[in-house]
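Scroll down for the structure; my scribbles are underneath it.
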Amino acid sequence: MPEGLEAEIWRGACEPLVGRTIVAARVDERIAPAGFAEVVVGSLITGVRRVGKVVLIDTQRETPSGGSGDSLPIGLHFGMTGRLVVDGHAMIGQLSYASGRDAQEWDRCVLFTEPPPTVGADVPAVRLNDPRRLGRVTIDPDLSGLGVDIFEITAPVLAAAMARRSIALKAALLDQGVVAGLGNLLADEVLWWSALSPHRRANSLDLREAKRLTAAIRRRLPIMLRRGGSTTGVLSPDVRAALGACERDGQPLQRATIGGRTAVWCPAHQH
DNA sequence: CGGCATGTTTCGCC
DNA sequence: AGGCGAAACATGCC
């Protein structure tokens with residue numbers, strides 16, 4: 001489920017947490033750095049941000065002398081199947097590749113706050129629920145390797161990043177060091193809208209094509225965000241699985257593994 | 001049962 | 001050295 005759009009939805013869901021203090025934390029130590037709970041408990045939540053697919057909860061610890069201490073962001077990374085439940089509200093209902101079940105045993109990081117959510121004092125403020133356990137929580141994650149964020153992209157920046165790579169265009173879009181926040185569904189979606197084949201070499205794009213790709217990202221992502229995320233595009237999970245006809249020209253869609261992931265595209269209009 | 005899944009990291013080969 | 005592709009990770013579902 002989680003690509004940059006889901007992270008953005010969850011970032012927004014986290015805004016009511018600002019101003020609260022983390023008073024307890026339960027964490028699966030296999031997905032957290034050593035001492036995570038000890039570090040975060042007692043800290044004040046001062047802000048929430050998103051960079052690429054990462055949701056960041058900014059926290060501030062009080063020093064023993066009473067002053068405000070170090071500011072530390074908590075990083076929430078969702079892997080393939082992680083999702084966030086904030087104040088008891090699952091902003092995104094269905095995991096497309098899971099049953100939609102919400103088992104407690106899949107809770108990998110649970111945070112309680114003071115004041116608690118209005119829905120109940122025993123309800124966690126934050127639950128990172130992840131059956132497959134590929135998600136992570138981090139403290140002050142290093143985000144320096146990330147490329148331009150999906151909501152900040154410009155044609156010159158994208159063109160420059162692409163020009164340095166000889167890998168498949170689709171693989172380059174999945175590389176978080178090129179564009180931060182695109183995942184497998186969004187990458188196929190923006191390629192469909194910009195009429196570019198996923199097989200193209202990244203460095204074969206001319207400026208006109210880079211502009212087309214940029215325009216697709218800037219136009220389609222806000223629409224899909226409003227609709228509920230990465231699954232709401234033309235190449236929805238249903239369409240991908242059925243490998244139906246292209247909505248634009250009625251031609252059969254094609255499927256292949258590119259950059260280690262399944263790409264779906266229309267060979268009739270994507271070149 | 002085999003295969004596949006919205007992701008990231010690591011290993012080995014140029 | 002650094003780019004690139006494949007494998008590994010971990011678990012559930014069809």
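Lettering of chains follows the sequences in order, A, B, ..., and the numbering in each one begins at 1.
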[X] [atom1] to [N] [atom2], straight-line distance once rounded to whole Å:
{"X": "A/Leu76", "N": "B/dT8", "atom1": "CG", "atom2": "P", "result": "14 Å"}
{"X": "A/Arg30", "N": "C/dT11", "atom1": "CZ", "atom2": "P", "result": "6 Å"}
{"X": "A/Leu134", "N": "B/dA5", "atom1": "CG", "atom2": "P", "result": "14 Å"}
{"X": "A/Arg240", "N": "B/dA5", "atom1": "CZ", "atom2": "P", "result": "8 Å"}
{"X": "A/Ile258", "N": "B/dA5", "atom1": "CD1", "atom2": "P", "result": "13 Å"}
{"X": "A/Leu174", "N": "B/dG7", "atom1": "CG", "atom2": "P", "result": "7 Å"}
{"X": "A/Leu146", "N": "B/dT8", "atom1": "CG", "atom2": "C1'", "result": "12 Å"}
{"X": "A/Leu173", "N": "C/dC4", "atom1": "CG", "atom2": "P", "result": "14 Å"}

_Presence of salt bridge, A/Arg200 and A/Glu209, under 4.0 angstrom_ = yes
Compare the minimum distances between each of [options] and the side chain of [X], then state the nucleotide with the smallest one.
{"X": "A/Arg201", "options": "C/dG5, B/dT8, C/dG12", "answer": "C/dG5"}
{"X": "A/Ile167", "options": "B/dT8, C/dC4, C/dC13", "answer": "C/dC4"}
{"X": "A/Met80", "options": "C/dG12, B/dT8, B/dG7", "answer": "B/dG7"}
{"X": "A/Gln176", "options": "B/dT8, C/dG12, B/dG7", "answer": "B/dT8"}
{"X": "A/Ser166", "options": "C/dC4, B/dT8, B/dA5", "answer": "C/dC4"}
{"X": "A/Arg132", "options": "C/dG5, B/dA5, C/dC4", "answer": "B/dA5"}

_Shortest non-hydrogen contact from A/Gln270 toward A/Pro198_ =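 Minimum heavy-atom contact is NE2-CD, 4.2 Å.
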_Base of C/dA10 paired with side chain of A/Arg133 (donor-acceptor, under 3.5 Å)_ =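 Such a pair does not exist between side chain and base.
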*Determine whether any donor atom in the side chain of A/Arg261 lies under 3.5 Å from an acceptor atom in the base of B/dA5, or the reverse, and answer yes or no.*
no
*Output the distance between atom CZ (A/Arg255) and atom CZ (A/Arg240), rounded to the nearest 0.5 Å.*
8.5 Å
_Taking the P atom in each of C/dG12 and B/dT9, what is the distance between them to the nearest angstrom?_
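The answer is 23 Å between these two P atoms.
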*P atoms of C/dC13 and B/dT8, separation to the nearest Å*: 22 Å
_If you define the side chain from C-beta out and look only at heavy atoms, does anything of A/Ser204 sit under 4.5 Å from A/Leu169?_
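In short, these two side chains do not touch, never coming nearer than 4.5 Å.
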*N or O in side chain of A/Thr262 less than 4.0 angstrom from B/dA5 OP1/OP2*: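 Result: yes.
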*Pick base, sugar-phosphate or nothing for A/Gly183, based on heavy-atom distances below 4.0 Å to the nucleic acid.*
sugar-phosphate
*More than 12 non-hydrogen atoms from neighbouring residues, nucleotides or ligands closer than 6.0 Å to CD on A/Glu114, yes or no?*
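For A/Glu114, atom CD is crowded (more than 12 foreign heavy atoms under 6.0 Å).
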*Can a cation-pi geometry be assigned to A/Arg248 and A/Trp192, taking NZ or CZ under 6.0 Å from the six-membered ring centre and within 45° of the ring axis?*
yes
*For C/dA10, what is the paired nucleotide under Watson-Crick or G-U wobble rules, both distances under 3.5 Å?*
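Per the H-bond distance test, none.
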